[in-house]
Amino acid sequence: MKRLLYFLLLASFTANAQEPVFRTSADIYLGLRKLNVLGSVLYLAAHPDDENTRLLAYLAKDRMYRTGYLSLTRGDGGQNLIGDEQGVELGLIRTQELLAARRIDGAEQFFTRAFDFGFSKTPVETFTKWDREKILSDVVWVIRKFQPDVIITRFPTTGEGGHGHHTASAILANEAFTAAADPKRFPEQLRWVRPWQAKRILWNTFNFGSTNTIREDQHHFDVGGYNPVLGKSYGEIAADSRSQHKSQGFGVPRQRGEALEYFKQTGGAAFSKDLMDDVDLSWDRMPGGAAIRPLVNNVLANYDFMAPQKSVPALIVLYKALQAAPQSYWRDQKLSEVKDLIESASGLWIEAFSMEPYAVQGDSVRLNFVLNSRLGVPVILERITTRGLDTAMRADAAANKNIILVRSLAVDSSFPLTQPYWLREKMSEGYYTVTDQSLIGRPDVEPAFEAQFRISIDGVPFTLTRPVRYKFTDPVKGEQYHPLYIIPAATITTGPDVLLLPRGDKEPRQAVAQVKAHKDIKAPVEVELRGYPNSGPVRDNSFSLQRNANKQYAFQVSGTDRFTKTDTGLIYQNRLESALAYAHFKGTEQHDADVAMRAINYAHIPSIRYFLTDPLSLLNIDLKTRGKKIGYIVGAGDKVPAALEQMGFDVTVLGEKELQRLNLKSFDAIISGVRAYNTNDWLNPLHGKLMKYVEDGGNLIVQYNTSNQIGPVRAKIGPYNFNITRNRITDENAAVTILKPEHPVLNFPNKINATDFNGWIQERSIYHASTSDLPKEFEMVFRMNDPGEAPDDGSLIIAKYGKGYFTYTGLVFFRELPAGVPGAYRLLANLIALNQKKEL
């Protein structure tokens, strides 16, 4: 039992790619060579895209080490260049991008529970959000399970990484290097793993922009070599891997030629010649390994690229010898590798799929199981099992003939929804709540169903596991695989995300609850908006929906003026409240609908589904607006247009053709989406038209853009040239000093004061305008700074140009508006009103 548990712990780290793996004879050959290498390296950093993919590819595919990347976070707090997802949803996207990268460079992927809460300037700030001991325990857990001989950090402990998360990752890695070997540290883990002491820990030094930490006296070697078996250099493989980080805009060119990597030791045994000095990489490090080595060499010596199946008998002998060896980490690891090689060399095709995207609780799903011995290796299929299904059988696989089994499976309420394990429980401020120790470190969502194929080859039993996928044919892309999800019979969503209830507006506003059926439902239902006392349940005794149909229920919601009495009079209190939609079905076995299902679909990653309660945010706010019509220039993607519509504006989305064609005078203000000038080359030739619009009395508001090698500004922005810096205010509670209290932006139509900066999330602002060389035409309105830093005035700059106004702002409206932050709405309303006349 202990041996089985140990093997399962190792297997639990394997990520399931959605596309089936097609191993070539070259892949099998490299796998055979890897059998003779018993060494491992763990690379560690803070975020997706921090990893050195060239080094990972080299270590995994040239040196043949078991190689892993531990990212402390899932990149939840970054910016998104391909859509409007933020926070948890961006973390789900970047998780899949990392897994896609690992499938290319050959490394494995792990995570801790740490949440990426946005840019952090110091590790001190980072550890105020992350529970330092908890995240350290996760790093120790991964080290104890993975048992690396060498640990490599991307960043140093001394701050040159430029991000508090980066430095914190190195601090935790060096602490974990020692703690993982200490049985007194996190002893609760020792039920499943044992203490592990890596041989050494190194820092992979770098030359990033103006920060060069490389020294010629550091240990270094070339990782840019060419692999003739793969037909690519490690620089080419690395570029393909890194280019999977599409949400970050990290597509890079393939590199060829010498590429040196440098290292500085930060702990452990000294080395002089190689990272693996004094590490036994041979079979001698494993009990019984001396008898295994000649068996491996025999398979290698006789391997036939044109007929890999000829190696199966020798691989079976090797497999049985490993089974007989004493249990150890490397015995189990190599047993798993040989099992995969037997399957690949046999040319076996094994898959489990459904032609439906969902398995619905209270319904049934049709599952298909296929086995084909394509190279004619004698295989006997004895059993297929999955949750709720056990089919004993005996079928001899004829050469290149499909064995197909189709079964309908009842999905009852005991089948849990397919939810990312890190989202099952309410998260803390700086980390996900995961109470199941066995799940910590795992990269991906657990499959809804896993099919076990029990087979025998030459009388030796094997159990081959496949996730059950959703398989379909796209008329353009061809055969496609996506995850199969278990979902509820019905889901419920609310809209809009934020419902504005302005002070003094006596007219009720409409909220909508939408019930969607995922199976045929016919039953009386009550739909209510819990948390809002003035809306009773809506009863629908004739509710009847077919699968995938939906029905909406409207609620009239009114605001209430709220005041607090002070010594100076009554102050209106801007308040954010929430209500939850809930649907109760009567007289049936249906589950009540109490969660929404969110879908994320991009071509470069598998489809993502997850479940959440979908609150309706009710924002009681003292808000006045001027102007009516807004033009919104599309950028990298944000949810600001929806917020503008809630404010009562008529929003027209402006792309290249609209900006070329339309008369801009009709717009009271034009606002550019986040990073619009980074992502749209076509804005440059339209600069003159936009400036003429401002000069004639228009109002152009430009939200943040980056100015660096990853996101260069691609067009002229304002009427006067100014520079964009990397300055930002990461403390969302940082004090804000008003520099020009009489400026219209602070007084019309809303009086802006310090309370309008209460309740901001994640940060104040990013990518400020440079104030050291700012043209005199610009006015600076706010001064703010992070603890210990000099004040910065570049978060909001405004210039009068002709009869109109131009504004550049790094204030993070794109985060604050969807979060329902009252002051963000009020300040944006004032920016929009800059060219409007005050009422007499």
Side-chain angles (χ1 to χ4, degrees), residues 42-51 69-79 86-88 90-91 94-95 98 110-143 151-179 185-186 201 203-204 206 208 211 213 248 266 422 427-434 440-441 726-734 760-767 784-789 792 812 815:
L42 181 66
Y43 201 87
L44 192 148
H47 309 109
D49 73 43
D50 283 347
E51 77 276 24
Y69 174 48
L70 172 56
S71 175
L72 296 194
T73 76
R74 296 178 183 269
D76 329 75
Q79 281 86 49
Q86 298 176 24
V88 165
L90 180 56
R94 297 186 70 185
T95 293
L98 265 186
F110 314 116
F111 293 99
T112 75
R113 288 171 285 183
F115 180 75
D116 177 3
F117 56 84
F119 192 86
S120 173
K121 293 182 177 177
T122 69
V124 173
E125 179 189 10
T126 298
F127 289 130
T128 63
K129 299 289 181 71
W130 293 354
D131 183 318
R132 181 169 180 163
E133 194 73 358
K134 194 177 295 291
I135 306 308
L136 174 62
S137 76
D138 292 357
V139 179
V140 167
W141 171 254
V142 173
I143 290 172
I151 298 171
I152 302 175
T153 67
R154 169 77 283 187
F155 302 105
T157 61
T158 46
E160 291 91 335
H163 191 316
H165 295 178
H166 293 169
T167 306
S169 72
I171 291 171
L172 291 173
N174 281 272
E175 289 180 359
F177 174 77
T178 302
R185 298 302 310 274
F186 312 109
I201 183 168
W203 163 35
N204 180 198
F206 52 78
F208 296 158
T211 304
T213 63
Q248 298 301 105
T266 59
W422 59 95
M427 68 177 294
S428 299
E429 181 184 12
Y431 58 91
Y432 293 108
T433 301
V434 181
I440 292 173
R726 296 183 63 83
N727 296 352
R728 59 177 80 199
I729 307 300
T730 63
D731 183 355
E732 63 270 32
N733 298 309
W760 284 50
I761 66 164
Q762 186 161 321
E763 58 207 345
R764 288 278 192 224
S765 56
I766 52 181
Y767 300 105
M784 56 186 82
N785 60 275
D786 280 321
E789 293 190 351
D792 192 297
V812 287
R815 294 198 196 280

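Only this structure's heavy atoms are used, side chains among them; waters, hydrogens and symmetry mates stay out.
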Trainee: Which heavy atom of F186 sits nearest a heavy atom of S137, and at what distance?
Mentor: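 Looking at all heavy atoms of both residues, the shortest contact is CE2-CB, 3.3 Å.
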
Trainee: If you define the side chain from C-beta out and look only at heavy atoms, does anything of D786 sit under 4.5 Å from D792?
Mentor: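 D786 vs D792: side chains apart.
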
Trainee: Could you measure the distance from the OG1 atom of T730 to the CD atom of Q762? Nearest 0.5 Å is fine.
Mentor: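 Reported value, rounded in 0.5 Å steps: 10.0 Å.
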
Trainee: To the nearest 0.5 Å, how far apart are OG1 in T266 and CD1 in I152?
Mentor: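 Atom-to-atom, T266:OG1 and I152:CD1 are 10.5 Å apart.
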
Trainee: Are H165 and F117 close enough that some pair of their side-chain heavy atoms sits under 4.5 Å apart?
Mentor: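 Yes, their side chains come closer than 4.5 Å.
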
Trainee: Begin from the C-alpha positions of L72 and V139 and carry the test side chain to side chain contact (heavy atoms under 4.5 Å, CB included) through to its verdict.
Mentor: CA-CA 8 Å; L72 296 194; V139 179; 3.8 Å; yes

Trainee: Using only atom types and a distance under 3.5 Å, with no angle test, would you say the side chain of S428 pairs donor to acceptor with the backbone of G430?
Mentor: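 No: the side chain of S428 does not pair with the backbone of G430.
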
Trainee: When rounded to the nearest 0.5 angstrom, what is the spacing between CZ in R74 and CH2 in W422?
Mentor: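 With rounding to 0.5 Å, CZ (R74) is 3.5 Å from CH2 (W422).
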
Trainee: Nearest 0.5 Å, please: how far is CG in N174 from CG in L172?
Mentor: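 Spacing of CG (L172) from CG (N174) equals 9.5 Å.
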
Trainee: Assess, by modelled atom type and distance only, whether the side chains of S120 and E125 contain a donor and an acceptor separated by less than 3.5 Å.
Mentor: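 Yes, E125 and S120 have a side-chain donor paired with an acceptor closer than 3.5 Å.
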
Trainee: Compare every heavy atom of E51 with every heavy atom of P48, then report the nearest pair and how far apart it is.
Mentor: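 That closest heavy-atom pairing would be C-OE1, 4.1 Å.
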
Trainee: Which atom pair, heavy atoms only, marks the closest approach of A168 to P123?
Mentor: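 Scanning both residues, the minimum pair turns out to be N-CB, 4.2 Å.
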
Trainee: Answer yes or no: is there a donor N or O on one side and an acceptor on the other, between the side chain of R113 and the main chain of V434, under 3.5 Å?
Mentor: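 Pair found, side chain donor or acceptor close to backbone of V434.
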
Trainee: When you compare the side chains of N204 and Y43, does any donor N or O come within less than 3.5 Å of an acceptor on the partner?
Mentor: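 Y43 and N204 do have a side-chain donor-acceptor pair below 3.5 Å.
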
Trainee: For a side chain to side chain contact (heavy atoms under 4.5 Å, CB included) check, start with the C-alpha distance between E732 and V812, then their side-chain angles and the critical distance, and finish with the verdict.
Mentor: CA-CA 10 Å; E732 63 270 32; V812 287; over 6 Å; no

Trainee: Please examine the side chains of T122 and T167, heavy atoms only from C-beta on, and report whether any two atoms are closer than 4.5 Å.
Mentor: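 T167 vs T122: side chains apart.
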
Trainee: I want to check something: taking the side chain as every heavy atom from C-beta on, are T153 and S169 in contact at a cut-off of under 4.5 Å?
Mentor: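 Of all side-chain heavy-atom pairs linking S169 with T153, none is under 4.5 Å.
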
Trainee: To the closest 0.5 Å, what do you measure between CG (D116) and NZ (K129)?
Mentor: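 Between atom CG of D116 and atom NZ of K129 there are 11.0 Å.
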
Trainee: Measuring only between side-chain heavy atoms, which start at C-beta, is I171 closer than 4.5 Å to T157?
Mentor: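 Of all side-chain heavy-atom pairs linking T157 with I171, at least one is under 4.5 Å.
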
Trainee: Within a strict 4.5 Å, meaning less than it, do heavy atoms of the D731 and P787 side chains meet?
Mentor: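 Side chain of D731 against side chain of P787, heavy atoms only: contact under 4.5 Å found.
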
Trainee: One thing to verify: whether D49 and R94 come together as a salt bridge, which I'm taking to mean a side-chain N less than 4.0 angstrom from a carboxylate O.
Mentor: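 Salt bridge present between R94 and D49.
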
Trainee: So D50 and Y69, side chain to side chain contact (heavy atoms under 4.5 Å, CB included) or not? Walk me through it.
Mentor: CA-CA 10 Å; D50 283 347; Y69 174 48; 3.5 Å; yes

Trainee: Would you call the rings of H163 and F119 parallel, tilted or perpendicular, taking 30° and 60° as the class edges?
Mentor: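 Ring orientation, 0 to 90° scale: tilted.
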
Trainee: Rounded to the nearest 0.5 Å, what separates atom CZ in R815 from atom CD in Q86?
Mentor: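 Output value for this atom pair is 5.5 Å.
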
Trainee: Does the ring of Y767 carry R726 above it, NZ/CZ under 6.0 angstrom from centre and within 45° of its axis?
Mentor: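 No, R726 and Y767 do not form such a contact.
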
Trainee: Between T126 and G164, what is the shortest heavy-atom contact and its length?
Mentor: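 Smallest heavy-atom distance, with atoms named: OG1-C, 3.2 Å.
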
Trainee: Restricting to pairs with a member in residues 168-178, which pass salt bridge (Lys or Arg N to Asp or Glu O under 4.0 Å), not counting sequence neighbours?
Mentor: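 Of all non-adjacent pairs touching residues 168-178, those that pass salt bridge (Lys or Arg N to Asp or Glu O under 4.0 Å) are R132-E175.
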
Trainee: Salt-bridge test for E133 and R185: reply yes if a basic N is under 4.0 Å from a carboxylate O, no otherwise.
Mentor: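 Answer for the salt bridge query: yes.
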
Trainee: Is the ring pair W203/F206 parallel, tilted or perpendicular, if the boundaries are 30 and 60 degrees?
Mentor: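 The arrangement is perpendicular - the two ring planes meet at more than 60°.
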
Trainee: Does any non-hydrogen side-chain atom of R728 lie less than 4.5 Å from one of K121?
Mentor: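 Contact flag for K121/R728 side chains = yes.
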
Trainee: Within a strict 4.5 Å, meaning less than it, do heavy atoms of the T112 and W130 side chains meet?
Mentor: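 The answer is no; the side chains never approach within 4.5 Å.
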
